[in-house]
Amino acid sequence: MQSSLEKRGLSLWAARNLLRFRFIGAVTLVVLVCAVNGVQLCGQSLPKLTSVRAIRALSPEQARQARPVLLRGVVTVFSGFKSSFFLQDATGGISVTWTSDSPGIQPGQLVEIRGSTGPGMFAPVVIAESITVLGKGKLPHAQVVGMDQLAGGKRDSQFLAIRGIVRSAVIETIWERSVLVLEIDIGGGNLATARVHDFSPASIKRLTASMVVVRGVCGTVFNDKRQFLGVRMYVENLDDVIVERPAPGDPFDLPTRPFQNMLQYGDQEGAIARVKVRGTVTYSQPGHGLYIQDGSEGLFVESRQTTPIAAGSQLEVVGFPAAGRYSPKLDDAVFRIVGTGRPIEGLPLASSAMITYNDGSPAAPYDAALVQLKGRLVEEIARADEELLLLRDGATVFTASLPRSGENRAAAATGSLLRITGICVANADETHEAHSFEILLRSPADIVVLDPAPWWNAARAAWIVALLIVVVLGMSGWLALIRRQARLRALTLTDHLTGLYNRRGFLFLAEHQRQLALRKKTPILIFYIDVDSFKEINDSLGHKEGDQVLTAIAAVLRHSFRKSDIVGRLGGDEFAVIADGAPPHTRPIIEQRLAEAILESNQKADRKSQFSLSVGVVACEGSQSDLPIEELLAQADALMYQKKQDHKKGRA
């Protein structure tokens, strides 16, 4: 009997343990499957996000996990990109990516969205998979807010209103659609743009200089580092642009003001209201801007007006005062010709008078004025759209730029004494203190050779000395001197190994390119490039192989960028490029061309090693254009370093 009970007990114990082992095995199997397919299985188990607040609270990394969304809210405004739109619920507003060609939805409708999260380019977004129209909803109340409530993107994607003066109203093509773009001064020196999707061209003229209230969704202008730069409103139609105070009937009825009175202490209107000035044209670039002069005072006028005007024309100009790089300027201006006369002759001055110092504080008394300077030609550099002259007058070194045109100009010899006539443009730092200047030339006639380079100059003297040394010491001494002269010249602007610009040459030309882009309001791209594992190439294969790699990279960069782009070797295995970022020369096209050139170089090269590059890119436009070139390079360097870390961790 006891034996039978013992056997039964053992059987129960075995059965229980068998069940326990099976349960543990099943759990282990599930854990292993989750580990292998973690993103899919664990993502499916995440709870659905049902409010805008919950979605916008996600970090970019969390939003990138495509978390499930079930959201109800009111459609506020379409963004203009395909069928995407903004949606708002009781907790906030959010951008919804919806790629359907037949959206079947309208602003003001209550909808239910099923989809997933995405990181967006500034804040988290919803990627819609299906949208169900539940009926008619109610648009939120559009509260008028100021810049203090908009800064940093605090009201991003919310339906609200702004109040301000319309600075300009132009029709642009955005995402293959005609859009009315309003630039609005909302006070405190802050500008916001508004994109109006439905409008009548006949109604546009009444808007400029009007006080308006604009209802719509607050979007954000940002950079590629997800940083706030400004405000952009998305507006459904012109009914949402309410004119509170119409513009004056004729802007030229305003009283004429002196140039120097703008933005001074006691100027109660500041940059909010239009002002009218009068002056003589000294420089004109139709569709972009012009310079006018009254006595010795010059003024830059930014204007989209394309009316052709000749130097010497008398103009009345109406625009909005704004801070320039050093002196005030007029933005969004219109003008009319009120007379003609002889062109102004440039003020004959010494180059040292362009930047003066009063108790240690720098000043640029002739900024924006037409001046006449003398200087010895140090070097002439041909660019795609301009010729750049490097001149020296005593201890002052400055540049003069001449736009390329159909006119032929005989190049002056290095060392020639030139007289140039052009617009003085002061270059200022972030504190608006002038530190240098450049001259804008208008035509080849602005360059006059006063004294050709003398036959007996330093270069020829060196040759004579060299010949004497040949007689005395022989051919070896002569060759050594010539090599030394060549090296000294190469060290001034170029890198001896790659033939690219060296750090000094790159920074000099890059700063000029940045100033040119700032003046023309064109975007530029700053590339900071570092060779991956270059130390290992040098250590394992020798410095000769390393030099071959650097030379190959220089060839790749020359092939990938335009001749007008500035390519330099900053030192070691670090390179930098400043490139025109305007279409069609855009960042994706450049990066694809660079990747293809690297692949081709590695496949065809007769080298022991292959190379790859880590690249940091900063898109420079808008407010970032005011940053010094060193600061932009530092930003690109930081992005490059992050890419390099990603390479090391195998994430890119």
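Note that the structure is predicted; figures quoted are calculated from it, not measured.
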Minimum heavy-atom distance Pro321-Ala273, with the two atoms named: CD-O, 3.5 Å

Heavy-atom closest pair, residues Val301 and Ala333: CG1-CB, 3.5 Å

Close side-chain approach of Val214 to Ile184, heavy-atom, < 4.5 Å: yes

Any salt bridge linking [X] with [Y]? Criterion: basic side-chain nitrogen under 4.0 Å from a carboxylate oxygen.
X: Glu172; Y: Arg195; result: no
X: Arg562; Y: Asp580; result: yes
X: Asp495; Y: Arg503; result: no
X: Arg167; Y: Asp185; result: yes
X: Lys276; Y: Glu316; result: yes
X: Lys329; Y: Asp331; result: yes

Mutual orientation of the aromatic rings belonging to Phe300 and Tyr291 [parallel < 30°, tilted 30-60°, perpendicular > 60°]: tilted

Validation row, ring centre Phe398 to ring centre Phe437 under 6.0 Å: yes

Close aromatic pair by centroid cut-off 6.0 Å: Tyr528 and Tyr641: no

Test item: Thr356 side-chain N/O and Ala353 main-chain N/O as donor-acceptor pair under 3.5 Å: no

Passing candidate, side chain to side chain contact (heavy atoms under 4.5 Å, CB included) with Val378, options Thr414, Thr399, Leu390: Leu390

Side chain to side chain contact (heavy atoms under 4.5 Å, CB included), paired with Ile526, selected from Val617, Leu639, Ile629: Ile629

Taking atom types as modelled, is there a side-chain donor on [X] or [Y] under 3.5 Å from an acceptor on the other?
X: Asp530; Y: Ser614; result: no
X: Gln293; Y: Thr282; result: no
X: Arg325; Y: Asn427; result: yes
X: Asp446; Y: Thr421; result: no

Pi-cation contact, Phe252 with Arg336 (under 6.0 Å, within 45°): yes

Between OG1 on residue Thr256 and CG on residue Asp294, distance to nearest 0.5 Å: 10.0 Å

Passing option when Gln515 is tested against Gln513, His512, Glu511 for side-chain hydrogen bond (donor to acceptor under 3.5 Å, both in side chains): Glu511

Glu345 CD: over 12 foreign heavy atoms closer than 6.0 Å: no

